[in-house]
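Residue numbers start at 1 and run along the sequence shown.
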Amino acid sequence: MNNTKVFLFASLNDSQNVSKITRNCTFFNYYIDKNGLLRKRTANPGNMSGLMYLSDYGIDNYKELDIPRLSMDILSECRSRRYSGIFLDFENRQSIELLRNIGMLVMRNGITVFIPVAFAGCVQNAKLVVPSAISGGSFEQMLREYKTKYGAENLCLDIIRTCQDFTMPSYMPEGKNLSDEEFDALMNEHSPSSFFSKDLCSKYFTYRCDGEYHFVIYDDASTAISKLEIADSLRFYAAFILYSDFGDDAKYILNR
């Protein structure tokens, strides 16, 4: 069906590699400096992204922020660059007032606002971004529950590349995060058989080390496409992927 829009995000360090895949990529080139001003790093001049990405990372003193001025500067940038949307990837609860002001202002000007689901209700009619990571239960059921609560037209899926090692039995929702090097080392040492979990919508394998059994759950381009297809079948508005998570395989996800 491919009803769900897919947006690629990347750091400026990956701009040359990304340009070989697509010109439509949102780079992490905007930030708020220590003086509370909107700043921009240089991006690929040929980029055609329709989104601005902005996080609250690095904001130290919220009390000294000139929120109305900052919000207007962000709106002005969106207008001049003809951005159709802005992803406010905020994490700090102190950012609520800033998020609300930016969101309300740009939405009044016809610009779509994307915010983490943790801030649901802060900006009326904003698109809510839900993470794809899951270590138990059913991935599809999780998305269906989000759909029932918020409506599919208001939801976006953040497709996170999971790679975690659980020592069994495990009673924790999260295991040890594995780097690419650690994952490759396990594969080379144990040569395990990998399987696809329909419930988790991820791949997994098991191995034994020092008398303990381990369960490793991980994602690749094929599982990302599977998750995207479920979100698409539920008519989610959009999905996001990181170039750093999938590298050049991102092209297969974008062109699924």
Say whether [X] and [Y] are linked into one hydrophobic cluster, either directly or through other cluster members, by side-chain heavy-atom distances under 4.5 angstrom.
X: Met168; Y: Leu178; result: no
X: Leu70; Y: Leu88; result: yes
X: Ile102; Y: Tyr31; result: no
X: Ile32; Y: Ile96; result: yes
X: Phe195; Y: Leu186; result: no

Rounded distance (nearest 0.5 Å) linking atom [atom1] of [X] with atom [atom2] of [Y]:
X: Lys147; Y: Phe236; atom1: NZ; atom2: CZ; result: 8.5 Å
X: Leu155; Y: Arg235; atom1: CG; atom2: CZ; result: 14.5 Å
X: Gln124; Y: Met104; atom1: CD; atom2: CE; result: 8.5 Å
X: Cys25; Y: Ile241; atom1: SG; atom2: CD1; result: 9.0 Å
X: Asn13; Y: Phe27; atom1: CG; atom2: CZ; result: 10.5 Å
X: Cys78; Y: Met52; atom1: SG; atom2: CE; result: 4.0 Å

For [X] and [Y], does a side-chain donor sit closer than 3.5 Å to a side-chain acceptor?
X: Ser49; Y: Thr26; result: yes
X: Asp232; Y: Thr4; result: yes
X: Ser222; Y: Asp220; result: yes
X: Glu97; Y: Tyr62; result: no

Donor-acceptor contact present, side-chain [X] to main-chain [Y], <3.5 Å:
X: Asp56; Y: Glu91; answer: yes
X: Asn109; Y: Ile111; answer: no
X: Ser76; Y: Asp73; answer: no
X: Asp33; Y: Leu37; answer: yes
X: Asp89; Y: Ser55; answer: no
X: Ser179; Y: Glu182; answer: yes

Notebook entry, point to check: Aromatic rings Phe205 and Tyr207: how do their planes relate, parallel, tilted or perpendicular, breaks at 30° and 60°?
Noted result: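 Geometry flag for Tyr207 against Phe205: tilted rings.
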
What are the two closest heavy atoms between [X] and [Y], and how far apart are they?
X: Cys201; Y: Thr223; answer: O-CB, 3.7 Å
X: Leu65; Y: Gly36; answer: CD2-CA, 3.5 Å
X: Leu234; Y: Ala152; answer: O-CB, 3.1 Å
X: Gln164; Y: Gly175; answer: OE1-N, 3.4 Å
X: Phe196; Y: Tyr204; answer: C-CE2, 4.1 Å
X: Ile74; Y: Leu54; answer: CD1-CD2, 3.5 Å

Check: [Y] and [X] side chains under 4.5 Å, non-hydrogen atoms:
X: Tyr213; Y: Thr206; answer: no
X: Met187; Y: Ser194; answer: yes
X: Tyr150; Y: Val117; answer: yes
X: His214; Y: His190; answer: no
X: Ser202; Y: Lys227; answer: yes
X: Ile59; Y: Gln94; answer: no

Check: Between Phe119 and Phe90, does the ring centre distance come in under 6.0 Å?
Finding: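 No: the rings miss the under 6.0 Å criterion.
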
Check: Hey, are Glu145 and Lys149 close enough for a salt bridge, meaning a charged N less than 4.0 Å from a carboxylate O?
Finding: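 Here Glu145 does not pair with Lys149 in a salt bridge, since their nearest N and O are not under 4.0 Å apart.
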
Note to self: Check this for me: Arg82, atom CZ, are more than 12 non-hydrogen atoms of other residues, nucleotides or ligands nearer than 6.0 Å?
What the structure shows: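 Incorrect, the count does not exceed 12.
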
Item checked: Glu64 CD: over 12 foreign heavy atoms closer than 6.0 Å ->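 Open.
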
Check: Apart from Val129 itself, which Ile, Leu, Val, Met, Phe, Trp or Tyr residues share its cluster (side-chain heavy atoms under 4.5 Å, direct or through members)?
Finding: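 Via sub-4.5 Å side-chain contacts, Val129 links to Phe7, Phe9, Phe28, Leu51, Tyr53, Phe87, Phe114, Tyr237, Phe240, Leu242.
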
Validation: residues 243-254 side-chain donor-acceptor distances under 3.5 Å, sequence neighbours left out:
{"residue": "Tyr243", "atom": "OH", "partner": "Asp248", "partner atom": "OD1", "Å": "2.7"}
{"residue": "Asp245", "atom": "OD2", "partner": "Arg161", "partner atom": "N", "Å": "3.4"}

Item checked: Under the side-chain contact (heavy atoms from CB on, under 4.5 Å) test, residues paired with Met72 that sit two or more places apart ->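 Met72: side-chain contact (heavy atoms from CB on, under 4.5 Å) contacts with Leu75, Leu105.
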
Next item on the list: Report the C-alpha distance between Val6 and Arg256 in whole Å, list the side-chain angles of each, state the deciding distance to 0.1 Å, and finish with yes or no for side chain to side chain contact (heavy atoms under 4.5 Å, CB included).
Entry: CA-CA 10 Å; Val6 184; Arg256 88 267 186 213; 3.4 Å; yes

